[in-house]
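Here is the structure we will look at, set down as structure tokens.
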Amino acid sequence: MARRTFIAGNWKMNTTLDEAVALAGGVVEAVKGVSDVEVAICVPYISLQAVSQVIKGTNVKLGAQDVHWEASGAYTGKISTSMLKSVGVTYVIIGHSEQRQYFGETDESVNKKTKATLATGLLPILCIGETLAEREGGKMDSVLETQLRGGYAGISKEDALKITIAYEPVWAIGTGKTATSQQANDAHVFIRKVLASIYDEQTAQAIVIQYGGSMKPDNAKELLAQPDVDGGLIGGAALKADSFKGIVIPN
Ligand code: 13P
């Protein structure tokens, strides 16, 4: 089964409501008519509803940047999967390295969020990636394997196929330091190997794996040309419709 290219913008903690509406409108315009690439924008919670109206009926899907695993209750400040669904969300980023680094995200919480997201019929984008120290210390494979086994614990094969993986080496995020296309592809091949050992080869080959970390119009083409790189999770370059377009439609 051929894997479809999937480019998602992660706006992180950027854009006010007005700015989000304007940027979403720009993205809709920029990727109009694109049918061979799945396109999503993952916007701040407070702009989800408005952006959902802007992209209604277009080829741009809506994503959130995190979620809580409980269905409802006394969890001040948290947002549930059904709340996200009610405003038209399709994708949910889970386990981003910034969540792991700054807000105590663990493989266990990633797993709970992933299960809750799937149970509501939404699609997780599960982020994994090693730090520079881990890579240089020869621990990259074991770090990725631990994150994958933890994130996928107790998840059926059928559900695993609904999860997109974003491989984001922490040292490449927001640093301008992109992984080489070879480094990205090698990591993706390794990720597929772990997925094959958790599930089977066919499942591993069907799962979409995005690369994330300083992907920009001028390096997207080469990264996306790698056989195991199926798309991108884009931070900085997703904050301008033009540069996001340059990744969705690299020339
Ligand atoms: P940058 O594209 O800004 O490096 O961010 C990548 C990222 O973290 C996307 O989730």
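In what follows, residues are counted from 1 in the order of the sequence shown. Remember, it's 1-based here, ligands and their atoms both numbered in the order they're listed.
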Option from Lys113, Lys115, Glu108 for which side chain to side chain contact (heavy atoms under 4.5 Å, CB included) with Asn111 holds: Lys115

Residues Asp200 and Thr203: side-chain donor-acceptor under 3.5 angstrom: yes

Atoms of ligand 1 close to Ser214 [distance to a heavy atom under 4.0 angstrom, numbered from 1]: 1 (P), 2 (O), 4 (O)

Contacting atoms of ligand 1, where contact means under 4.0 angstrom from a heavy atom of Asn10: 9 (C), 10 (O)

Where ligand 1 meets Gly236 - atom numbers and elements under 4.0 angstrom, heavy-atom basis: 1 (P), 2 (O), 3 (O)

Min N/O separation Thr175 to ligand 1 under 3.5 Å: no

Gln205 and Glu201 side chains, donor-acceptor separation under 3.5 Å: yes

Options Lys12, Lys216, His96, Gln65, ranked by nearest heavy atom to atom 5 (O) of ligand 1, top entry: Lys12

Pair listing, ring-ring contact (aromatic ring centres under 6.0 Å, His included) test, anchored in residues 137-182, at least two apart: Tyr152-Tyr199, Tyr167-His188

Under 4.0 Å to a heavy atom of Gly213 - the qualifying atoms of ligand 1, by number: 4 (O), 6 (C)

Set of residues satisfying ring pair (Phe, Tyr, Trp, His ring centres under 6.0 Å) with respect to Phe244, sequence neighbours excluded: none

Gly174: numbered ligand 1 atoms lying under 4.0 Å from its heavy atoms: 1 (P), 3 (O), 4 (O)

For ligand 1, the portion of Ala172 having any non-hydrogen atom under 4.0 Å away: backbone

Residues Arg100 and Asp107 bridged, charged N to O under 4.0 Å: yes

Within-cut-off N or O pair, Ile173 and ligand 1, under 3.5 Å: no

Numbering as shown, the atoms of ligand 1 that approach Glu168 to under 4.0 Å (heavy-atom distance): 6 (C), 7 (C), 8 (O), 9 (C), 10 (O)

Electrostatic pair Glu130:Lys139 at N-O distance under 4.0 angstrom: no

NZ/NE/NH1/NH2 to OD/OE distance under 4.0 Å, Lys162 and Asp159: yes

Contact partition for Leu233 relative to ligand 1, non-hydrogen atoms under 4.0 Å: both

Atom indices of ligand 1 within 4.0 angstrom of Gly235 heavy atoms, with elements: 1 (P), 2 (O), 3 (O), 5 (O), 6 (C), 9 (C)

